[in-house]
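Comments concern the structure below.
Below, chain A is the first sequence line, B the second, and so on; all start at residue 1. All heavy atoms count here, side chains included; hydrogens, waters and symmetry mates do not.
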Protein chains: 2
Amino acid sequence: MKFIIQRDQLISSVQNVMKAISSRTAIPILTGMKIEASQSGIKLTGSDSDISIESFIPAEENGIVHAEQIEPGSIVIQARYFPEIVRKLPEKTVEIETDGSLNVTIRSGKAQFNLNGQDADEYPQLPKLQTDNHFKLQTDLLKSLIKQTVFAVSTMETRPILTGVNIKLENNTLSFTATDSHRLAAREIPVNESNGSFSSIVVPGKSLNELYKILNDSDEDIEISVTNNQILFQAKHVKFLSRLLDGNYPETARLIPDQSKTTINVKTKDLSHTIDRASLLAKEDRNNVVRLTTTGENLLEITSNSPEVGQVAEEISVTSIEGEELKISFSSKYMLDALKAVEYDDVKIEFTGAMRPFIIKPANDNSVLQLILPVRTY
Amino acid sequence: MKFIIQRDQLISSVQNVMKAISSRTAIPILTGMKIEASQSGIKLTGSDSDISIESFIPAEENGIVHAEQIEPGSIVIQARYFPEIVRKLPEKTVEIETDGSLNVTIRSGKAQFNLNGQDADEYPQLPKLQTDNHFKLQTDLLKSLIKQTVFAVSTMETRPILTGVNIKLENNTLSFTATDSHRLAAREIPVNESNGSFSSIVVPGKSLNELYKILNDSDEDIEISVTNNQILFQAKHVKFLSRLLDGNYPETARLIPDQSKTTINVKTKDLSHTIDRASLLAKEDRNNVVRLTTTGENLLEITSNSPEVGQVAEEISVTSIEGEELKISFSSKYMLDALKAVEYDDVKIEFTGAMRPFIIKPANDNSVLQLILPVRTY
């Protein structure tokens, strides 16, 4: 195998593929990165067996040559040193060459690295997804769906199914739902021209976090294919394959109250800044709990109390308060996460009493829903 | 005590004083920050008993009012929460007020924090330095002296004296020297109009690192006063007091070779980039060792070898090589630190054989000196 490649192209491909490579893996060869050269271009592969990422650098694209003098072949290279080597090479092009004894030579300018490689035939074959169950989505929309929900997955392994995001595609509606049983984040969007449908799959939160990092904010389409145990995200030159979580995702629809006793409309930033300040003294004591009290016409008070340190109180003017008076305590962290995920300047918060879950939504959009369980403070 | 103060002024003063405050201290009140208000302004004090920092915010300066409605008094406030509270307050001004029961109220806009304070009379008195032994230095010059030497102090407590920087003021020359016994960094500058002189003091590296962070890159003078156990750096509104290390600093002058057998002149960046690359494979094995070999007229080769991973070699053109051929191994980290500290585009490296310490200097300036002990590799 031999080729000369543009260093910048190689750096960005290596960075993407590294997201799937872990130094702690039961299969030693997976600590490496597979490099395959063919006349059409260079393919890099990384995997930790939960996530696999393939990144392809075409030899030529739109008349621009990315790789040349290609002699086909393949090798697995230690992934631990490779990214930093590539990043620090002195010239704009890099030559990578293997010999018959699995030695890899990396040349750039007068710098030469000789690394011990491994046989690419020993690298596990990635499963080929054979399914017609696929649909397309704009990349920036997919990123937004991930960002608005994935933060709410559970980080506890006690209920593994909750460490994933529940994805459904039914009636031309795509929905993402995540919950750690203390809060829930959901978003749905219409999908047109859909070939696929699946009632309910669960994608590991970790996979979606890594996918989020390697996707560009573009309006190009990404193709999503689903089988009964895997999901494949296919962008222009990147394939991202993740296993699905086994098990039934809990029915979340019944958690969501369908009526409200107190409805507050407020500027998102006003509320989040006030809660952020109130949470400053609650950092460790009492799980970041703050209290919200309706105090008058279009006025709330946000308070927090940490006996050893002190108290904080702040009044905030809101756009409107409708319904019953309210005193409710909740995790400031959950509230700040939810307000951030809403991504609108104005939010509507619907309460049904101090002991019931409450809902945060954009003021004029029902496609985003954040739900938080209050904290009992007496 | 009561005053209203500009938040930005308070933020920057609090940040400076926090550099001296540690949450792990044997004296509990030192986890707090002392605030003293007088008609002339507001003084903040922090100390971990090794370092003490006082920052003063004048009530008025150059016609600009920083603090007003001052009712004199003092309090000690928990330093753990104070910086973030001040940083996140909603308005440009902050009101701070104490009552007779050591309660502190912080108000800004509609936000109000009530914190438990401590009696300022219980805060230890900072020693008053009574000495005529002082001199002045430009702030940016002091920062440069610190930066070029302090990285070379020892981080091991086995020889505590080496964790400090040796400072001498003799014959109108100020010198800074640091060594961890594997390398040495030294810088000297002429000081005019000096009132003071001291043959040798040792300032903890940690103190100089913190001082470096709070000093601005200005050409304003800083006044330095020395007693037999303390040093005081006095800038416009900041006083920085550090204890000195006890003990005799080793005589370092005799370590420095006074002749050379091989002299290499090279572009600093060329050499540092090459050594940086060569060190990539040596990260953990063999203590980051790289090898330098003279290979021809104005040519060096830098190599490194890590049996499990691979080898790296790079040829580099230098400005000149004079004297004997050379093969020498050394820590790439020490060399990179030294090249960075030189702060000149061209360096001169003087070797006296593979087993002897070598010297790195700016090509045309003897005031900076970096010395490195080679590594025996056979």
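- In this structure, A:K110 NZ and B:D270 CG are separated by 10.0 Å, a value rounded to the nearest 0.5 Å.
- Smallest separation of non-hydrogen atoms from A:K88 and B:R277: O-NH1, 2.8 Å.
- Side-chain contact between A:P90 and B:H273 is absent, with no heavy-atom pair separated by less than 4.5 Å.
- Between chain B and the residues A:L115, A:T274, A:T303, A:V104, the most heavy-atom pairs under 4.5 angstrom are made by A:L115.
- Using a 4.5 Å cut-off between heavy atoms, B:Q78 does not touch chain A at all.
- A distance of 11.0 Å separates CG in A:L281 from CZ in B:R80, rounded to the nearest 0.5 Å.
- For chain A, the option among B:I106, B:N116, B:N103, B:I316 with the highest count of heavy-atom pairs below 4.5 Å is B:N116.
- Considering CG of A:N114 and CD of B:Q311, their distance stands at 5.0 Å, rounded to 0.5 Å.
- Note: B:S108 OG to A:E314 CD = 8.5 Å, rounded to the nearest 0.5 Å.
- Between B:V312 and A:I85 the shortest side-chain heavy-atom distance does not fall below 4.5 Å.
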